[in-house]
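What follows is one structure encoded as structure tokens, with my remarks underneath.
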Amino acid sequence: MRMPLVRPAFAGAALAFALTLTLAPPASPAPAAPAAPAAQAAQTPATAPATAVAAENAGAERVARRVAAGHRALDFRACPAAEGLSAPVRCAALRVPLDYARPDGPQISLAVSRVTATREGRAARQGSLVFNPGGPGASGMYFPLLADRPAWRRVAAAYDLVGYAPRGVGRSAPLSCQDPAARPKAPTQVPADPSAAYKRERVAAARAYARGCARRGGAALPYYTTLNNARDLHVLRAALGERELTFMGASYGTYLGAVYATLYPGHVRRMVFDSAVDPDPRHVWYRDNLAQAAGFERRWYDFRAWAARHHATYRLGATPAAVRASHERVRAAVARTPAGGVAGTGELRAAALRAAYYDEVWPELAAALSAFLDGDPAPLAALAGPDPDPVAAARAAAEAENATALYTAVLCNDAPWPADWETWDRDHTELARRAPLETWANAFLNLPCAYWPVAERLRQRPVDVGPRATPLPPTLIVAAERDGATPYPGALELRRRLGGAAALVTEAGAGAHGVAGGRNDCVDRHVERYILTGDTPKGSVTCAPHPEPAPVSLDDRAAGTRRVPLPPVV
């Protein structure tokens, strides 16, 4: 697995910034469709949600105490070949209950990876640093590989770097909702402005996908939730022999960390929240998704403005509007004839979304668009199309199917969603007028939640994030001011909820998703200092933006570009 930097993911759902949108509030959810027979078999006796949550929390405490007492200790050995992790990284399996209300009931196994503290420079070991990259649906198993990277070397000297695959992901009781072979094959064609007939097709597909989750997920389906992810993290902390958790979460991982801090404030040592999800319960998750599309539209504008500043290199236009027109010319062309036979409008949209996440890919995308307009489709096919290696493509399809399934289950189980298509259609039609890039793709990705086959009484209510009686120690939030995936107001809301001990470091004028870990030296200094010493800046501080990418000459084209990972679902 090649990860050039820590790359967080909040795929298809994120974050709320009201902008100037006039959106109808979500309708009060209608009763959920009856659970599938397999899911019904797993239901506990009818109880009020608060009572059920209390029982689950009590079960998690019971399991964590057992583990801390030496039961189910982690046995780190050479990693399975399927993980692609070589020495010095070691792997282990952690057994946790499927349902924390029944701590002695059916168990699942979570994959864990670790590299022990290097003690370079005779650094004193401070414990374990656990990382979650987001999603939900992303695996953090690769995290220990960063130990030898310059941005992580001092941290890795003092901490064991611990990654894991959350429940449902990878080898951790993986969830599936459809046969990976049934996923659409490239090239795909998606309309910019979906017709009524196309919308009906997507509604039917969402219903079928939800049924597939019930059929393939079976009795486990209701138990893929953020609350259970936080409880798993509590047990993992105990299994690592840590009384308090030192944690870094990115994107969705910030919401997971905030929920953990709410449930277990007395077990928090240090926490870094990178690219924060807005945790306001009123926004989780339907409104968060509406807002994310607006954020991506801003970042898509930033790409077009950058390309316009480099018109001499790319010849896409000297203004953002002219660059948009060039992109629309490419879109119209690949709608007729896919680039290289593999990149249609669906693949082109995914490439644009990649640019909205990560500005590292701006030069390659601009060069590919320019080359296409010059009559050479190969760079665009290489950049946007699937992996030409069929084995690698099949593996990627399986990983994407798993990530999509887990993402869907967590978001659908976590919160109420409008149950009528009319609400979705009205809200997204209005939003698409202002934010056309990703609005409908987000809508159709999340639409299975309108038809989710888990009984309403088994579904969660969003956690009211924030410490209660027990205050939190100092925590650190880092955020990019123009992040599209997790818009900046989410960082402000998280800081407000975590209280006065939460510090905020803002990368001003920048928008690449995932601020820490090698992109901005100023941000990294604050993060490293906090993780190593616990010291935070006073209040809020601002870092200058990392440099914009330099233009790539058209002589280089784009076919040889490295691929920056997409979030697990696009």
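Numbering of residues begins at 1 and proceeds along the displayed sequence. The figures here come from the full heavy-atom set of this structure, side chains too, leaving out hydrogens, waters and symmetry mates.
Residues Tyr357 and Asp483 have side chains that never bring a donor and an acceptor to within less than 3.5 angstrom of each other. A donor-acceptor pair shorter than 3.5 Å can be found between the side chains of Arg269 and Thr246. Using a 3.5 Å distance cut-off with no hydrogens or angles, the side chains of Tyr223 and Asn413 do not pair a donor with an acceptor. Of the N and O atoms on the side chains of Thr225 and Gln460, not one donor lies less than 3.5 Å from an acceptor on the other residue. Side-chain contact check for Asn229 and Arg167: no donor-acceptor pair (N or O, by modelled atom type) lies under 3.5 Å. Tyr252 and Thr226 share a donor-acceptor pair across their side chains, judged by distance under 3.5 Å alone.
Counting only residues at least two apart or on different chains, the disulfide bond (SG atoms under 2.5 Å apart) pairs with a member in residues 167-223 are Cys177-Cys213.
Ring pair Trp300/Phe296: centre-to-centre distance not below 6.0 Å. The six-membered or imidazole ring of Trp285 lies near that of Tyr255, with a centre-to-centre distance under 6.0 Å.
With sequence neighbours excluded, no residue forms a salt bridge (charged side-chain N to carboxylate O under 4.0 Å, His left out) with Arg395. Considering only residues two or more places apart in sequence or on other chains, Arg216 meets the salt bridge (charged side-chain N to carboxylate O under 4.0 Å, His left out) condition with none of them. For the ring pair (Phe, Tyr, Trp, His ring centres under 6.0 Å) test, residues two or more places apart in sequence or in another chain that qualify with Tyr264 are His234, Tyr260. Arg299 pairs by the salt bridge (charged side-chain N to carboxylate O under 4.0 Å, His left out) definition with Asp302, Asp359, not counting sequence neighbours. Legend: residues meeting salt bridge (charged side-chain N to carboxylate O under 4.0 Å, His left out) with Glu61, ordered by chain and number and at least two apart, are absent.
By the neighbour-count criterion of 12 heavy atoms within 6.0 Å, atom CZ of Arg468 is densely surrounded, having more than that number from other residues, nucleotides or ligands.
With hydrogens and angles ignored, the 3.5 Å screen pairs a side-chain donor or acceptor of Glu347 with a backbone N or O of Thr188. Proximity of a side-chain donor or acceptor of Ser172 to a complementary backbone N or O of Ala111 within less than 3.5 Å is detected. When atom types are taken as modelled, the side chain of Arg497 and the backbone of Val465 share a donor-acceptor pair closer than 3.5 angstrom.
Below 30°, between 30° and 60°, or above 60°: for Trp421 and Phe444 the angle between ring planes is below 30°, a parallel geometry.
Side-chain contact between Ser176 and Glu401: present, with at least one pair of heavy atoms (C-beta onward) separated by less than 4.5 Å.
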